[in-house]
Amino acid sequence: MTAPRIDIDLGKIEHNTRVLVDRLALTGIGVTGVTKATLGSPGVGAAMLRGGAVGLADSHIENLARLSRLDPAPVARTLIRSPMLSQADLVVRDATCSLNTELSVLSELNRAASRRHVLHDVVLMVELGDLREGIAVRQVPDVVRHVLRCSSLRLVGLGANLACQSGVVPTSRNMGVLTELVGRIEGDYAVELTTVSGGNSANLRWASQALDTGRINDLRLGESILLGLDPLDRTPIEGLHQDGFVASIEVIEVANKPAQPWGQRAQSAYGAAQVRGGSVTVRQAILAIGRQDTDPAGLTPPEGITILGSSSDHLVVDLGDHPAVVGDELQFGLNYGALNRAMASPFVTRTEIR
């Protein structure tokens with residue numbers, strides 16, 4: 001098979017989804033599966049739906065267009081990055097719902113939906129401290145009034161995002177702010193907010209420990225389903241698979257080489273020269289992947305192999321006692337960043353195992 005390659009075990013993705021869906025169901029929270037790290041893979045999306053996800057979400061409208069061609073198409077397809085003003089027509093065509101913060105974008109979505117004679121669902125994102133997207137709590141009523149005046153938009157809920165930008169941890173306190181705001185908006189404007197999207201995979205620990213999850217009834221889960229990890233500290237989540245994605249990379253050179261470079265040194269291809277350990281010789285291998293195609297710092301090599309460095313299209317490792325020869329494939333684990341970049345690379349193939 002062609003390498004470099006990401007081998008995707010769809011059965012493990014389905015299993016991880018089902019376990020999380022069942023656990024969160026005990027708290028009244030549903031799961032929206034996030035496919036953005038897989039470039040909107042229809043196979044991965046279908047596995048999430050089989051596992052019980054109530055809908056799919058992605059940060060790129062192009063990926064949602066791909067997911068819309070699933071048979072049957074997901075009932076709910078949510079754009080989780082604030083829509084680009086220039087893509088409003090695509091958003092109302094390929095997404096059933098979008099997360100929003102900007103009045104000008106909401107107005108354009110309304111016009112685009114009106115032209116297409118559709119009703120587009122809107123969730124307003126609230127700033128709870130992580131300082132990425134979000135409307136200040138005190139300004140939410142103004143935006144609610146704006147949406148309610150838009151005949152082709154339907155306000156379905158409020159949402160928040162934590163931990164992605166500043167690492168702010170979801171807690172009963174900040175989730176309580178969102179719950180309280182939902183109640184105020186419903187009371188003041190006589191609306192029913194059916195979606196209260198509390199956050200992402202970083203919310204799982206809060207959801208499992210909270211005595212009361214309030215009005216939160218949806219979490220947008222990507223990393224926890226795909227990699228079986230808690231994003232707060234990247235520890236494995238009990239009962240989940242961490243190897244649903246494996247990178248298979250081909251060896252293109254093997255040689256005994258000095259442990260340390262020699263000669264006058266300056267910057268390397270990516271800035272500061274990489275530091276290598278050891279003082280004698282190493283059995284060094286070069287693999288056919290680099291920073292253009294993945295994040296080498298996010299790769300976990302096979303036991304006994306050490307990553308020495310990387311450039312745009314080479315990964316250099318110390319094989320130790322591993323018997324690999326030219327033409328062999330070595331299997332690496334991936335973290336979220338490495339997976340994200342590898343799935344987006346046109347030079348990395350993908351194989352789905354059903």
Side-chain angles (χ1 to χ4, degrees), residues 17 20-21 24-25 27-36 45 48-49 52-59 61 64 67 73-83 91-92 94-102 105-106 109-110 113 118-128 132-135 137 140-141 143-148 150 152-162 164 170 174-204 206-207 210 212-222 225:
T17 307
L20 293 172
V21 165
L24 288 168
T27 68
I29 295 175
V31 170
T32 296
V34 178
T35 61
K36 65 179 181 179
M48 290 176 169
L49 293 174
V54 296
L56 300 177
D58 205 289
S59 58
I61 195 62
L64 288 180
L67 292 168
V75 174
R77 301 185 304 278
T78 302
L79 181 66
I80 57 174
R81 183 173 69 183
S82 301
V91 172
V92 300
D94 295 320
T96 61
C97 179
S98 58
L99 309 186
N100 285 268
T101 61
E102 288 288 337
V105 173
L106 287 162
L109 288 174
N110 184 54
V118 298
L119 191 61
H120 183 71
D121 290 346
V122 166
V123 171
L124 299 180
M125 296 297 281
V126 181
E127 178 60 75
L128 294 180
R132 202 178 72 176
E133 77 273 37
I135 306 162
V137 171
V140 171
V143 185
V144 167
R145 285 192 291 271
H146 180 85
V147 175
L148 294 178
C150 294
S152 293
L153 300 183
R154 178 169 55 190
L155 178 64
V156 297
L158 300 182
N161 192 73
L162 295 169
C164 282
N174 47 39
M175 290 297 99
V177 170
L178 187 60
T179 285
E180 192 273 336
L181 182 60
V182 168
R184 274 200 286 134
I185 295 300
E186 287 183 330
D188 292 347
Y189 298 96
V191 296
E192 181 184 5
L193 300 180
T194 58
T195 300
V196 185
S197 190
N200 53 52
S201 294
N203 285 65
L204 287 173
W206 159 79
D212 181 5
T213 53
R215 291 292 303 275
I216 312 303
N217 64 7
D218 173 78
L219 291 181
R220 310 177 303 274
L221 303 185
I225 291 176

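Computed from a predicted structure; not experimentally measured. FYI, the numbering just counts along the sequence from 1.
Between V177 and V126 there is no side-chain heavy-atom pair separated by less than 4.5 Å. Looking at T96 and V75, their side chains never come closer than 4.5 Å, going by heavy atoms from C-beta outward. A heavy-atom distance below 4.5 Å is found between the side chains of L162 and M175. Side-chain contact between V137 and R184 is present, with heavy atoms from C-beta onward closer than 4.5 Å. Side-chain contact between M48 and V31: absent, with no pair of heavy atoms (C-beta onward) separated by less than 4.5 Å.
The residue from T78, D218, T195 that alone fulfils the side-chain hydrogen bond (donor to acceptor under 3.5 Å, both in side chains) condition with T32 is D218. Applying side-chain contact (heavy atoms from CB on, under 4.5 Å) to L124 and the options T101, L99, V147 leaves one that passes, V147.
For N174 (side chain) and L128 (main-chain N/O), no donor-acceptor pair under 3.5 Å exists by modelled atom type. When atom types are taken as modelled, the side chain of T179 and the backbone of G214 share no donor-acceptor pair closer than 3.5 angstrom. Using modelled atom types, no side-chain atom of E133 and backbone atom of R81 make a donor-acceptor pair closer than 3.5 Å. Here the side chain of N200 pairs no donor or acceptor atom with the backbone of G222 at under 3.5 angstrom. Side-chain atoms of S59 never come within 3.5 Å of backbone atoms of I80 as a donor-acceptor pair (strictly under, hydrogens ignored). Checked by atom type and distance alone, the side chain of R77 pairs as donor or acceptor with a backbone atom of D94 at under 3.5 Å.
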(request) Could you go through the side chain to side chain contact (heavy atoms under 4.5 Å, CB included) check for E192 and T194 one step at a time? (result) CA-CA 6 Å; E192 181 184 5; T194 58; 4.1 Å; yes

(request) For side chain to side chain contact (heavy atoms under 4.5 Å, CB included), just list the numbers for N203 and I216, CA-CA rounded to whole Å, side-chain angles, deciding distance to a tenth of an Å, and then say yes or no. (result) CA-CA 11 Å; N203 285 65; I216 312 303; 5.8 Å; no

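Residues satisfying the side-chain hydrogen bond (donor to acceptor under 3.5 Å, both in side chains) test with D58, not counting sequence neighbours, are T35, N63. Listed by chain and residue number, R154 satisfy the side-chain hydrogen bond (donor to acceptor under 3.5 Å, both in side chains) test with D121 (two or more places apart in sequence, or in another chain). Residues that satisfy the side-chain hydrogen bond (donor to acceptor under 3.5 Å, both in side chains) test with N100, not counting sequence neighbours, are S98.
Counting all heavy atoms, side chain and backbone alike, C97 lies closest to V123 at SG-CG2, 3.8 Å. Nearest heavy-atom pair, A53 versus T17, reported as atom, atom and distance to 0.1 Å: N-CG2, 4.0 Å. Here the shortest heavy-atom pairing between R132 and E127 reads O-OE1, 3.4 Å. Between V91 and I61, the shortest heavy-atom distance links the atoms CA-CD1, 3.7 Å. Closest approach of S197 and R220 over heavy atoms only: OG-NH1, 2.7 Å. Closest approach of Y189 and P141 over heavy atoms only: OH-CB, 3.3 Å.
Annotation: the span from C150 atom SG to L155 atom CG amounts to 10.5 Å, rounded to 0.5 Å. From K36, atom NZ reaches atom CG of L56 across 14.5 Å, with rounding to the nearest 0.5 Å.
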